[in-house]
Amino acid sequence: MVGREQDTAPEALAVARWCARSGWPVHPLAPQRKTPPGNCEACHEPGHTHLGCPCLAAGRWCHGFHAATLDPGRIRAWWGRGSRFGVGVACGPANLVVIDVDAHDAALPDRNRLLPGITIGEHVDLTGLASGYDSLALLAALRDAPDPTEDPDTLRVRTPSGGMHIWYRTPPTRKWLCSSGSSTGRALAWQVDVRGVGGYIVAPGTRTPTGAYTPVGTCRVPALLPTWLATELARTGHADRPQPPATPHPVPPRARLAVAAAGGHANVAAKTLATVLQEVADCALVSSGAAFNDKLNRAAYTAGGLVAAGHLDPADAERLLLEAAEHARPGHRRRSLSTIRGGIAAGRARPLNPGGRP
């Protein structure tokens with residue numbers, strides 16, 4: 001057992017340091033457990049809270065995630081030689097929101113309790129649904145979105161019980177609450193909770209008697225929270241504060257001018273072009289899951305049809321589409337240009353006369 005403790009200390013210290021370098025404040029977890037260690041005796045007095053607690057000022061780890069730190073010296077002291085502590089990450093200060101998927105052996109609830117606030121019709125076949133993996137996949141399917149448990153572009157961690165933690169980052173101005181502290185007290189889905197402000201998550205690499213928290217795949221960096229998931233978190237009461245609705249990004253100025261020069265809204269062809277350019281430009285509102293490439297291809301196909309019918313100059317078509325694409329996805333010029341040229345070429349095979357004009 002002594003040897004095991006010696007093996008654990010350097011591993012946990014490395015995990016804590018890695019988290020701190022990532023900007024995620026860390027705090028100890030009780031040896032071989034996933035909960036914080038108990039507070040000192042003085043902190044058990046009635047009415048005592050972390051606010052003003054002398055333990056925190058003195059560098060002690062009382063009060064769980066409230067003690068989380070990025071300080072290298074404190075980290076070295078807590079997880080140095082002989083330590084048996086695990087590593088927890090305070091989600092709020094780290095600007096993280098983690099989707100906690102469970103795989104408990106439990107009876108399936110009524111279908112209207114699978115996804116809080118969503119009525120699931122009798123026509124939906126729930127055969128085989130047995131865990132949080134399934135309920136989250138069902139939510140994603142209903143929203144026509146990819147399953148987060150299969151997302152290779154964000155940090156995913158398999159838990160010892162067979163569940164999964166899916167890590168996402170959020171802007172400092174946008175915070176999400178834990179399910180236990182949300183305004184409704186609801187989970188995101190059956191056996192799917194949320195870890196955010198007012199909570200913590202077990203760091204990957206932490207070990208318990210039942211196993212280790214093990215990263216899945218090769219990605220070790222949390223991706224930006226997908227827009228559709230942010231919408232679902234807000235709907236289920238996990239928003240820390242109300243957020244005003246997003247204002248659509250307009251088509252870039254030069255593209256608007258070019259459309260206006262072609263006849264503006266009085267010209268049906270120009271109006272058609274403006275509509276598809278706007279769909280591409282609006283992808284700037286979403287970091288992923290906006291079907292950007294499909295929308296760009298569709299816009300290019302439409303523009304190709306307008307070119308073939310004599311409504312639009314080929315060079316102007318490519319330029320306007322590329323400007324809208326770079327507005328929505330900066331830094332992807334080569335890929336966007338390939339999609340644009342392919343779409344225009346396909347569209348030119350079918351001349352487009354909006355409104356049926358010969």
Side-chain angles (χ1 to χ4, degrees), residues 1-20 22 24-38 61 64-65 67-68 75 78-79 82-91 94 96-108 128-137 147-169 178-180 187-196 198-223:
M1 186 65 179
V2 174
R4 182 60 207 164
E5 291 177 14
Q6 290 175 342
D7 291 341
T8 301
E11 182 177 309
L13 178 59
V15 169
R17 284 173 166 167
W18 173 72
C19 291
S22 301
W24 309 333
V26 290
H27 63 92
L29 299 179
Q32 299 290 292
R33 299 181 65 183
K34 60 180 182 179
T35 54
W61 36 256
F65 66 84
I75 290 172
W78 288 349
W79 285 282
S83 172
R84 298 178 57 217
F85 286 145
V87 182
V89 174
C91 295
L96 294 171
V97 59
V98 179
I99 309 303
D100 182 3
V101 181
D102 289 329
H104 300 317
D105 184 13
L108 190 69
L129 197 149
S131 72
Y133 286 94
D134 304 315
S135 59
L136 184 56
D147 182 353
T149 66
E150 301 293 334
D151 185 355
D153 297 322
T154 197
L155 174 61
R156 294 170 295 154
V157 179
R158 186 80 64 181
T159 70
S161 63
M164 179 178 287
H165 294 163
I166 309 166
W167 295 48
Y168 291 109
R169 57 185 171 86
C178 294
S179 291
S180 58
L188 180 63
W190 177 61
Q191 292 201 25
V192 181
D193 290 326
V194 177
R195 305 292 182 90
Y200 67 94
I201 197 70
V202 179
T206 297
R207 295 182 178 276
T208 68
T210 56
Y213 287 77
T214 308
V216 177
T218 59
C219 185
R220 298 294 182 268
V221 180

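Index from 1, following the sequence. Predicted, not measured: the structure shown is a model, and the values here were computed from it.
A distance of 8.0 Å separates CZ in Arg17 from CD1 in Ile75, rounded to the nearest 0.5 Å.
For Arg158, the side chain to side chain donor-acceptor pair (under 3.5 Å) partners two or more places apart in sequence, or in a different chain, are Tyr133. Residues meeting the side chain to side chain donor-acceptor pair (under 3.5 Å) test with Thr159, sequence neighbours left out: Ser161. For Ala137, the side chain to side chain contact (heavy atoms under 4.5 Å, CB included) test picks out Asp147, with sequence neighbours left out. Listed by chain and residue number, Trp18, Trp24 satisfy the side chain to side chain contact (heavy atoms under 4.5 Å, CB included) test with Ser22 (two or more places apart in sequence, or in another chain). The side chain to side chain contact (heavy atoms under 4.5 Å, CB included) search around Leu129 returns Leu108, Leu114, Leu126, Asp134, Leu138, Trp190, not counting sequence neighbours. With sequence neighbours excluded, no residue satisfies salt bridge (Lys or Arg N to Asp or Glu O under 4.0 Å) with Arg156. Under the rule for a side chain to side chain contact (heavy atoms under 4.5 Å, CB included), the partners of Asp151 that lie at least two apart in sequence or sit in another chain are Asp153, Thr154, Tyr168.
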Evaluate side-chain contact (heavy atoms from CB on, under 4.5 Å) for Val194 paired with Val97, printing each intermediate quantity in order. CA-CA 7 Å; Val194 177; Val97 59; 3.6 Å; yes

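Side-chain contact check for Ile166 versus Thr149: some heavy-atom pair is nearer than 4.5 Å.
Side chain of Ser135 to main chain of Ala189: no donor-acceptor pair is present (N/O by atom type, distance under 3.5 Å, no hydrogens or angles).
Among pairs with a residue in residues 97-108, those fulfilling salt bridge (Lys or Arg N to Asp or Glu O under 4.0 Å) read Asp100-Arg195, at least two apart in sequence or across chains. Screening residues 212-223 for side chain to side chain donor-acceptor pair (under 3.5 Å) gives no qualifying pairs among residues at least two apart or on separate chains.
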